[in-house]
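Read the structure below first, then the notes.
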There are 2 protein chains.
Amino acid sequence: MSDVKGAAALRATLVFNLGTLGALAADRFAGRVEALGLKPKHAGLLAALDGGSAASQQELATRLGVAPSLIVALADQLQELGAVERVRDPEDRRRQVLTLTAEGRRLLDRCAEAAEAADAELTAGLTTAQRTALTRGLRTLGDRQVPH
Amino acid sequence: MSDVKGAAALRATLVFNLGTLGALAADRFAGRVEALGLKPKHAGLLAALDGGSAASQQELATRLGVAPSLIVALADQLQELGAVERVRDPEDRRRQVLTLTAEGRRLLDRCAEAAEAADAELTAGLTTAQRTALTRGLRTLGDRQVPH
DNA sequence: TATTGTTATACTCTATAACTATA
DNA sequence: TATAGTTATAGAGTATAACAATA
């Protein structure tokens, strides 16, 4: 029993390639946003705040899949950059509602530019068709996860 | 100047989706191989040793893009599991040549199975065509990186 | 008593630097 | 002197647990 699969079988899997390329992509993105004083997680939080209705920190923690204490730290740093505001919910004074400021939206736009630049670098050897097919595939895959 | 892009533009990028899905995929894979006493990096090292000609630890460090001291730790643990052997190169007694044992190949096969199971879970909502297209896209993207 | 946010603490991962042995 | 491997140490990132305020 127990098929012999070896390295070739592992390299053929989606998770293996997603894992290695994901780490690479995260590094490239991190390198570009650090000039803004941000880490990838800050960008993720800014993105979660944009468009979405004003959210409490607990909601954001579960939405991003991180510990609430991490949201506190990220929000502290974003607040120091003037990117977010904390407002106590008058209906429930335990809740801190985070909202993007104009500066926060500006930073988010810079993050998007950084990501686009990293995309261009990463996909330099690919055709436009390959690139868009890949992006769409990843988005549909991502949309299937956490489909609450 | 300075286009307004917002969260939608960020979410449309490859690096953003690769980063988030890569972290998710790595977690799922880690959850499955930890029963084998392994972390994803161990699997990466095992895969690097399979097929490839016997490699020194320095070569492996640069190949995997990690510090040499990390290879030492990973190899220590794999050796303890009986998965690799360290043999001093008689030509240059400073070099430790790592080779897979039969147990190492067995563990590598188990890692491949774990990755395939994680794939199935992750792509549950996708058609076969979507899944193979995505896997191929990622492999071609991965092959373009570090094309030394 | 339960929940939100916060703080304090600890743990995991990994790199850098110092060291040993061989060259 | 330079290089392969190892060991010691330190830093980043993040979670867990204890705590305060509010419900």
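Letters go in sequence order (proteins before strands), and every chain restarts at 1. Treat the numbers as computed from the prediction; the structure is a model and nothing was measured.
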Pairs involving residues 66-77 of chain A, ordered by first then second residue, that meet salt bridge (Lys or Arg N to Asp or Glu O under 4.0 Å) (sequence neighbours left out):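 Listed by first then second residue: A:Asp76-A:Arg86.
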
- prompt: Could you give all pairs that pass the salt bridge (Lys or Arg N to Asp or Glu O under 4.0 Å) test and reach residues 51-72 of chain A, with sequence neighbours left out?
  reply: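 Residue pairs with at least one partner in residues 51-72 of chain A: A:Glu59-A:Arg95.
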
Once you apply a heavy-atom cut-off of 4.0 Å, does [X] come out as touching a base, just sugar-phosphate, or nothing?
| X | result |
| --- | --- |
| A:Ser69 | base |
| A:Gln96 | sugar-phosphate |
| B:Gln58 | base |

Would you list the protein and nucleotides 9-13 of chain C atom pairs, both N or O, that sit under 3.5 Å from each other?
residue, atom, partner, partner atom, Å
C:dC13, OP1, B:Lys39, NZ, 3.0
C:dC13, OP2, B:Lys39, NZ, 2.9

| task | Test A:Leu81 against A:Glu103 for side-chain contact (heavy atoms from CB on, under 4.5 Å), laying out the working first. | result | CA-CA 8 Å; A:Leu81 291 170; A:Glu103 171 66 7; 5.8 Å; no

For a 4.5 angstrom cut-off between non-hydrogen side-chain atoms, does B:Gln79 reach B:Glu85?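 No, every pair of side-chain atoms sits at 4.5 Å or beyond.
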
Straight-line distance of A:Arg105 CZ to A:Leu46 CG, nearest 0.5 Å: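 One gets 11.0 Å once the value is rounded to the nearest 0.5 Å.
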
query: Can we say B:Glu121 and B:Arg32 salt-bridge, meaning some charged N sits less than 4.0 Å from an Asp/Glu carboxylate O?
result: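 Salt bridge: yes.
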
In this structure, how many angstroms lie between the P atom of C:dA21 and the CD atom of B:Gln57, rounded?
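Spelled out: CD on B:Gln57 to P on C:dA21 is 17 Å.
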
Fill in: Length of the CG-C1' vector between A:Leu60 and C:dT6, whole Å
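In whole Å, C:dT6 C1' and A:Leu60 CG are 16 Å from each other.
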
Problem set entry | Any donor-acceptor pair under 3.5 Å from A:Asp109 side chain to B:Gly6 backbone |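 Such a contact is found between A:Asp109 side chain and B:Gly6 backbone.
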
- Item | Sidechain-backbone polar pair: A:Asp89 side chain, A:Arg94 backbone, donor-acceptor under 3.5 Å |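 Between the backbone of A:Arg94 and the side chain of A:Asp89 there is no qualifying donor-acceptor contact (under 3.5 Å).
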
Heavy-atom contact window of chain A on DNA chain D, given 5' to 3' at under 4.0 Å |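 The protein-touched segment is D:dG13 to D:dA23.
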
>> Tell me every residue that passes salt bridge (Lys or Arg N to Asp or Glu O under 4.0 Å) with B:Arg131, counting only those two or more places apart in sequence or in another chain.
In response: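 With sequence neighbours excluded, B:Arg131 shows a salt bridge (Lys or Arg N to Asp or Glu O under 4.0 Å) to no residue whatsoever.
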
For B:Ala114 against B:Val33, the heavy-atom pair lying closest together: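 Minimum heavy-atom separation between B:Ala114 and B:Val33: CB-CG1, 3.9 Å.
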
- Query: Between A:Arg95 and B:Pro68, which is nearer to the 5' end of DNA chain C once each is assigned its nearest nucleotide?
  - Reply: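 Its nearest nucleotide being more 5', the pick is A:Arg95.
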
Within residues 83-93 of chain B, which residues have any heavy atom lying less than 4.0 Å from an atom of DNA chain D?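 Hits under 4.0 Å, by residue number: B:Arg86.
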
Please tell me which of A:Arg94 and A:Leu74 maps to the more 5' nucleotide of DNA chain D, matching each residue to the nucleotide holding its nearest heavy atom.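 It is A:Leu74 whose nearest nucleotide is closer to the 5' end.
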
* **Check against salt bridge (Lys or Arg N to Asp or Glu O under 4.0 Å), A:Glu116 and B:Lys5** => CA-CA 11 Å; A:Glu116 287 163 0; B:Lys5 292 163 177 288; 3.1 Å; yes

